[in-house]
Amino acid sequence: MQRTKIAELIRTEPVGTEVLVKGWVKAFRNNQFIALNDGSTGSNLQVVVDFEKMDAAILDRIKFGAAIGARGTLIESQGKGQRIEVVASEVEIYGDCNPEVYPLQPKKQTLEFLRENAHLRFRTATFAAVFRVRHALAFAIHKFFNDRGFYYLHTPIITASDAEGAGEMFRVTTLPFDGTPRNEAGEVDFTQDFFKRSTNLTVSGQLEGELGAMALGDIYTFGPTFRAENSNTTRHLAEFWMIEPEVAFADLEDNMNLAEDMLQYVIRYALENCADDLKLLEDRLIEEEKSKPQDQRSELSLIEKLRFVLDNQFVRLTYTEAIDILKNSNPNKKGKFQYPVEGWGTDLQSEHERYLVEKHFKKPVILTNYPAEIKAFYMRQDDPKEGVPGPTVSAMDILFPGIGEIVGGSQREERYDRLVRRMEEMHIPAEELSWYLDTRRFGACPHAGFGLGFERLVLFITGMTNIRDVIAFPRYPGNAEF
RNA sequence: GCCUCAUUAGCUCAGUCGGUUAGAGCGGCGGACUGUUAAUCCGUAGGUCUAAGGUUCAAGUCCUUAAUGAGGCGCCA
């Protein structure tokens, strides 16, 4: 007999038919009622067994966590709390689960405990919901770009370019640590390495992405990204997934529109396709915040927050405008900022970004036209503008409440001379990036793109608070478990 | 990397001013009940108080160092 998934049964409710269901025991109440979950939905299916007729040896093996199959008739539930249930005529045990040694318990477990048992945490309702939503978001991103005529470009994971300055890199090598080959100058001789040169894991697919965009028009990447920064926060991972669209014949305005459309599209997709899981995550968040003082709780529920992002345009303002707002803000005047906002030209601290997003505007904010000094070499140099103290670039950062920077992007500097001059100023070796500069020598065009931290998006949409809880097996300083 | 806080039963936590035998809930185990919904009821076992050193007549409690975890900051997506 063909097994039916629980999500299918709940959707179609084929009352009166014989069904076979397979899943894991989430509860066994009253020696009679099995709550069965197979991962197809957060909802459990109630399987009713007749303990007087059932083999006692089987009955005894129906434990929390055990994998079982149950065959029987699907009926309208005789009890409250669910619409349908299966009256089992036969129960088969596939895998026992000894409660004396099984780390999980049918109770609330802390996220910290589950993080240490990441190999088992998919089995909890919260994490199953997180990973179903994560899947839906990944799918929605591909759908969004595909429907708009973007091509999914796989940029390399191993890269020889060390010139981006996007962060510390993980070295990739097959050279031995003991007796590492040296050249005459005493330096490590990378000509003997696998690639005959020094290589690292990628910190960004952008430069390669730009190459694709110069022929395919609109491309995006969606792949693993590695940063060897010693970052210990709830927003950073050493291995994370990044989405990087790159669009030919586009300027900063187009770039902002694309990013805002994409974020709203995937949030709408999640609301429409993950309603049950989002409700579960919303309830979890409410429960978690009960232990917090009133003023630290969220003003909006999770689903309200997501709808709010859909219903409101993101605020767009320049760095220069943001500095003015911050300078004149109450916390700045009263000395409440740890880093007082004094002048134009320094980077914003996360407390400043939080103030703008969470207190001043209370909605997502796109900050643009940052000082050139604090941004990457490839960003397009703006024309001087009245009231702006120094040179700026066509950069944009999208700031989300609770997350901070979720998107960072820019219009790219397509003018060869200006790009090369900027690289010289920033001591970036042009010869190493000659392939990149070729895009500016042959058929250059205005273009723009951005990077979206996928886990930060998942974090925002699931209402989880630690990025280590929205990726299956998080990698961060001191931890590469599982 | 810096700052703050934490570490007591399988899990979540309480433990008073340093003072006799370290407690609770959940979970486990045994039993009862049998239309339950975190099932309920009765009984029961379970502890190197993170580690090492120190102060003291006496340390879960005070001090030092370390490990691990959490949160904040920096770096950023």
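To find a chain, count down the sequence lines: A is the first, B the second, and so on, and within it residues start at 1.
- Nucleotide B/rA45 is matched to nothing when pairs are restricted to Watson-Crick or G-U wobble geometry with both distances under 3.5 angstrom.
- Counting any heavy atom pair closer than 4.0 Å across all strands shown, A/Ala27 reaches sugar-phosphate atoms only and no base atom.
- Other residues, nucleotides and ligands contribute over 12 non-hydrogen atoms within 6.0 Å of the CD atom of A/Glu18.
- With hydrogens and angles left out, the side chain of A/Arg456 and the base of B/rC76 share a donor-acceptor pair within 3.5 Å.
- Between the side chain of A/Gln105 and the base of B/rG28 there is no donor-acceptor pair of N/O atoms closer than 3.5 Å.
- The stretch residues 351-370 of chain A has no heavy atom under 4.0 Å from RNA chain B, so no residue of it qualifies as close.
- The shortest distance between the side-chain N/O atoms of A/Arg115 and the OP1/OP2 oxygens of B/rA70 is below 4.0 Å.
- Pairing partner, B/rG1: B/rC73, with both Watson-Crick or wobble hydrogen-bond distances short of 3.5 Å.
- Distance, A/Tyr339 OH to B/rC75 C1': 12 Å, rounded to whole Å.
- Proximity of A/Ile157 to A/Pro224: side-chain heavy atoms (C-beta onward) are separated by under 4.5 Å at one or more points.
- Using a 4.0 Å heavy-atom distance criterion, A/Glu100 is classed as a sugar-phosphate-only contact.
- Ring orientation note: the planes of A/Phe150 and A/Phe145 are tilted relative to one another, at an angle of 30° to 60°.
- Checking the phosphate oxygens (OP1, OP2) of B/rG74, a side-chain nitrogen or oxygen of A/Ser350 falls inside 4.0 Å.
- Contact annotation: side chain of A/Ser231 to base of B/rC75, donor-acceptor pair present below 3.5 Å.
- Residues A/Asp38 and A/Val21 fail the side-chain proximity criterion, which asks for heavy atoms closer than 4.5 Å.
- Residue side chain A/Gln46 reaches the base of B/rU36 through a donor-acceptor N/O pair under 3.5 Å, judged by distance alone.
- An OP1 or OP2 oxygen of B/rG69 is reached within less than 4.0 angstrom by no side-chain nitrogen or oxygen of A/Arg468.
- Phosphate contact (OP1/OP2 of B/rG74, side-chain N/O of A/Gln349, threshold under 4.0 Å): present.
- In this structure a side-chain-to-backbone donor-acceptor pair under 3.5 Å is missing from A/Asn369 to A/Thr318.
- For A/Glu116 against B/rU68, a side-chain-to-base donor-acceptor contact under 3.5 Å is absent.
- Here the closest heavy-atom approach between residue A/Tyr355 and residue A/Leu326 is recorded as CD2-CD2, 3.6 Å.
- At the phosphate of B/rU34, neither OP1 nor OP2 sits under 4.0 Å from any side-chain N or O atom of A/Asn30.
- The partner of B/rA38 is absent, by the rule that a Watson-Crick or G-U pair needs both atom distances under 3.5 Å.
- Note on A/Thr234: a side-chain N or O is less than 4.0 Å away from OP1 or OP2 of B/rG72.
- Among pairs with a residue in residues 101-113 of chain A, those fulfilling side-chain hydrogen bond (donor to acceptor under 3.5 Å, both in side chains) read A/Tyr102-A/Arg123, at least two apart in sequence or across chains.
- Within the nucleic acid shown, A/Leu237 comes within 4.0 Å of at least one base atom, counting heavy atoms only.
- Side-chain to base pairing of A/Gln338 with B/rG74: no donor and acceptor N or O lie closer than 3.5 Å to each other.
- At least one side-chain nitrogen or oxygen of A/Arg29 sits closer than 4.0 Å to the OP1 or OP2 atom of B/rA39.
- For B/rG71, the OP1/OP2 oxygens have a side-chain nitrogen or oxygen of A/Asn466 closer than 4.0 Å.
- Rounded to the nearest Å, the gap between the P atom of B/rU65 and that of B/rA22 is 31 Å.
- Residue contacts shown for A/Val101 are absent, as no nucleic acid heavy atom lies under 4.0 Å away.
- In a base pair of the Watson-Crick type (N1 to N3 plus N6-O4 or O6-N4) or a G-U wobble (N1-O2 and O6-N3), with each distance short of 3.5 Å, B/rA67 is matched with B/rU7.
- Using cut-offs of 30° and 60° for the angle between ring planes, the A/Tyr265 and A/Phe144 rings count as tilted.
- Stacking between A/Phe240 and B/rA77 is shown: the ring centroid lies under 5.5 Å from the centre of the six-membered base ring, and the planes differ by under 30°.
- Atom P of B/rG19 sits at a distance of 27 Å from the matching atom of B/rC11, rounded to the whole Å.
- Looking at the side chain of A/Val48, the nearest of the listed nucleotides B/rU12, B/rG35, B/rC11 is B/rG35.
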